[in-house]
Amino acid sequence: MKGSEKVSSQTSDLRTQKEFSEELASLRNKNLLRTLTSVNPSGNANIKIRGQVYTNFSSNDYLGLSSHPQIVRAAAASLKKYGFGSGSSRLLSGTYPPHAELEEKIAKFKRTEAALVFNTGYAANTGIIPVIAGRDAVIFSDELNHASIVDGTRLSKADVMVYRHRDVNHLEALLKKLFNRKSARRRLVITDTVFSMDGDIAPVNDLTALCDRYDAILMIDDAHGTGVLGKSGRGALEHFGIKVDKIIQMGTLSKAAGCYGGFVAGSKDLIDLLMNRARSFIYSTSLPPAAAAAGCKAIDIIDRKSVRLRERLWKNRKRLYDGLENMGFDTRGSETPIIPVLAGDVRNALRLGHYLYENKIFAPAIRPPTVPENRCRIRFSVTAGHTAEDIDKALECLKKF
Ligand SMILES: Cc1ncc(COP(=O)(O)O)c(C=O)c1O
């Protein structure tokens with residue numbers, strides 16, 4: 001390389017570093033810089049941060065299964081047997097007995113013909129959507145759908161129509177408008193079941209009827225519904241009493257199951273197609289077998305032994321929700337253990353988050369781009385592990401804010 005080229009590449013390196021610094025400074029100036037907090041579990045819903053105990057209201061471990069002794073034992077036994085890494089993608093030598101067992105269990109649990117496990121819920125959404133919705137498709141997506149759905153739609157070659165949050169009339173108007181369009185040969189409606197930042201529930205029954213009427217495919221993201229909704233924790237379809245096997249059910253093991261890994265449950269043909277076409281499934285080393293073994297145990301527990309845990313979860317949810325409502329907080333129509341407390345702009349949300357932190361309550365402010373600028377909030381996430389005292393402490397603290 002000639003001397004002058006070397007100098008110019010160094011200059012460009014310096015320029016890039018300077019731009020990185022400027023971008024970070026701009027985030028800092030807007031109060032949007034994010035940093036990481038290291039936590040240690042400290043029993044039930046408690047965590048330790050720098051030696052101090054905090055009540056954690058920011059975990060999606062709704063049933064407290066992440067530390068369940070049977071799940072920990074299942075993972076440990078699998079580690080001994082298979083080691084840690086799987087060494088390969090699922091289609092090569094990365095499919096171990098726990099992966100296959102987990103898929104069978106998920107299909108049974110979700111009452112579908114088959115299921116496929118992805119490495120995360122994020123990988124599931126970004127893998128599934130481009131396969132079902134190609135160039136000749138239109139995707140209809142709720143405006144508050146999770147970022148992984150948004151990214152899935154960005155990776156797909158389909159047109160995307162965003163409908164107003166939970167607004168079936170708006171969705172119907174869009175479906176009607178595009179019904180006869182050639183480029184909309186396939187129509188895919190996608191929704192979170194439980195919205196991750198607002199905690200309200202999609203009208204899945206109405207969406208099912210609309211999809212029937214307009215010959216559209218319905219895909220639900222049941223990440224926060226699985227283990228939480230329905231009498232036996234099967235999720236949104238059980239909650240609404242819907243028995244339609246053509247609905248594509250995506251979910252994750254990282255929330256109420258207390259484990260790790262995403263999944264999709266549906267027809268055998270859908271699963272076989274995804275196995276052949278979903279890039280996040282094909283081109284990534286498979287989930288460590290121990291994570292799959294833990295997931296198997298978690299599904300068993302949710303399926304057979306989670307009624308009492310769910311009762312506790314919903315009782316806790318009611319205690320916190322009623323308390324917040326009585327104090328007049330805007331909880332955005334939450335219907336689930338995800339309860340937002342609207343704070344307005346970034347500054348106010350940060351102020352509330354810091355105040356809670358000073359009072360040993362861990363519930364960080366949620367800021368853009370996760371939520372719109374004027375709808376920053378504290379997102380309380382209640383679990384079965386909280387005690388009545390934990391919840392009352394949070395309420396008491398908020399009362400004094
Ligand atoms: C609605 C929704 N879908 C998908 C995901 C992604 O799941 P995972 O954490 O397993 O990647 C999340 C988690 O943040 C979520 O809230």
Side-chain angles (χ1 to χ4, degrees), residues 24 26-62 64 66 120-122 144 146-148 192 194-200 223-224 252 254-256 258 260 313 316-317 320-321 323-324 327 329-332 334 336-387 390-401:
L24 285 169
S26 152
L27 284 174
R28 197 174 295 114
N29 290 340
K30 292 185 208 145
N31 285 315
L32 293 178
L33 191 69
R34 300 170 185 218
T35 54
L36 300 173
T37 306
S38 220
V39 309
N40 278 294
S42 183
N44 293 329
N46 293 331
I47 47 175
K48 255 190 189 168
I49 301 170
R50 292 188 206 97
Q52 303 272 322
V53 178
Y54 291 75
T55 309
N56 188 7
F57 280 99
S58 71
S59 167
N60 301 311
D61 184 12
Y62 298 112
S66 67
T120 61
Y122 184 92
L144 292 192
H146 188 258
S148 54
D192 281 15
V194 174
F195 289 89
S196 58
M197 289 299 137
D198 287 53
D200 50 353
H224 296 274
T252 179
S254 67
K255 306 198 189 294
Y260 198 70
L313 168 68
N316 283 345
R317 186 260 164 203
L320 182 59
Y321 179 80
L324 291 170
M327 280 190 260
F329 284 106
D330 179 358
T331 54
R332 301 271 308 153
S334 155
T336 65
I338 297 169
I339 312 177
V341 165
L342 234 61
D345 63 14
V346 178
R347 240 169 227 280
N348 280 336
L350 283 175
R351 205 158 59 85
L352 181 51
H354 288 317
Y355 167 76
L356 291 169
Y357 189 79
E358 277 166 11
N359 286 281
K360 299 290 178 291
I361 290 163
F362 194 71
I366 309 286
R367 296 171 281 170
T370 309
V371 291
E373 227 161 83
N374 56 345
R375 278 193 248 142
C376 298
R377 66 199 65 188
I378 298 296
R379 171 191 183 268
F380 282 95
S381 184
V382 191
T383 70
H386 286 111
T387 60
D390 290 334
I391 293 167
D392 292 347
K393 183 178 112 184
L395 289 170
E396 209 42 52
C397 189
L398 283 165
K399 205 183 272 177
K400 291 183 197 145
F401 180 64

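In this chain, numbering begins with 1 at the start of the sequence shown. Computed from a predicted structure; not experimentally measured.
In this structure the side chain of T370 reaches within 4.5 angstrom of the side chain of R34, judged on heavy atoms. With contacts defined as side-chain heavy-atom distances shorter than 4.5 Å, the pair V53/K48 qualifies. With a 4.5 Å cut-off on side-chain heavy atoms, L395 and L320 count as touching. Between R332 and R375 the shortest side-chain heavy-atom distance falls below 4.5 Å. In this structure the side chain of K393 never reaches within 4.5 angstrom of the side chain of N359, judged on heavy atoms. The shortest distance between side-chain heavy atoms of S334 and R317 falls below 4.5 Å. The side-chain heavy atoms of L33 and L24, taken from C-beta on, include a pair separated by under 4.5 Å. You'll find the side chain of D192 stays beyond 4.5 Å of the side chain of H224, heavy atoms only.
The environment of Y260 atom OH is sparse: at most 12 non-hydrogen atoms of other residues, nucleotides or ligands sit within 6.0 angstrom. Annotation for R50: atom CZ does not count as buried by contact number, only 12 or fewer foreign heavy atoms lying within 6.0 Å.
Nearest heavy atom pair, residue C397 against residue L356, reads SG-CD2, 4.1 Å. A pairwise comparison of heavy atoms in R379 and S196 identifies NE-O, 2.7 Å as the closest pair. Across all non-hydrogen atoms, the minimal contact from A349 to A365 is O-CB, 3.4 Å. Taking both residues in full, the closest heavy atoms of Y62 and V382 are given as CD2-O, 3.5 Å, listed atom of the first, atom of the second, then distance.
At distances below 3.5 Å, at least one donor-acceptor pair connects side-chain atoms of N56 with backbone N or O atoms of S58. A donor-acceptor pair under 3.5 Å links the side-chain atoms of S381 to the main chain of S59, judged by distance alone. Between the side chain of D61 and the main chain of S66, a donor-acceptor pair closer than 3.5 Å is present. Listed for the D390 side chain is a donor-acceptor partner under 3.5 Å among the backbone atoms of T387. Side chain of N31 to main chain of V346: no donor-acceptor pair is present (N/O by atom type, distance under 3.5 Å, no hydrogens or angles). Looking only at distances, no side-chain donor or acceptor of H354 sits under 3.5 Å from a matching main-chain atom of R351. At least one donor-acceptor pair under 3.5 Å links the side chain of T336 to the backbone N or O of G199.
Note: F380 and F57 have perpendicular aromatic rings, judged against thresholds of 30 and 60 degrees for the angle between ring planes.
Here the CZ atom belonging to R28 is positioned 10.5 Å from the OG1 atom belonging to T35, to the nearest 0.5 angstrom. Separating the CG atom in N46 from the OH atom in Y54 is a distance of 12.0 Å, to the nearest 0.5 Å. Interatomic distance, SG of C376 versus CG of L352, reported as 11.5 Å (0.5 Å rounding). Here the CG-CD1 distance, from N60 to I338, works out to 6.0 Å after rounding to the nearest 0.5 Å. Note that CZ of R347 is 12.5 Å distant from CZ of R367, once rounded to the nearest 0.5 Å. Taking CD1 from I339 and CG from D200, the interatomic distance works out to 12.5 Å, rounded to the nearest 0.5 Å.
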(request) With side chain to side chain contact (heavy atoms under 4.5 Å, CB included) as the test, would you mind laying out the steps for I49 and Y357 before giving the verdict? (result) CA-CA 10 Å; I49 301 170; Y357 189 79; 3.4 Å; yes
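Under a 4.0 Å N-O distance rule, the pair D330/R377 does not qualify as a salt bridge.
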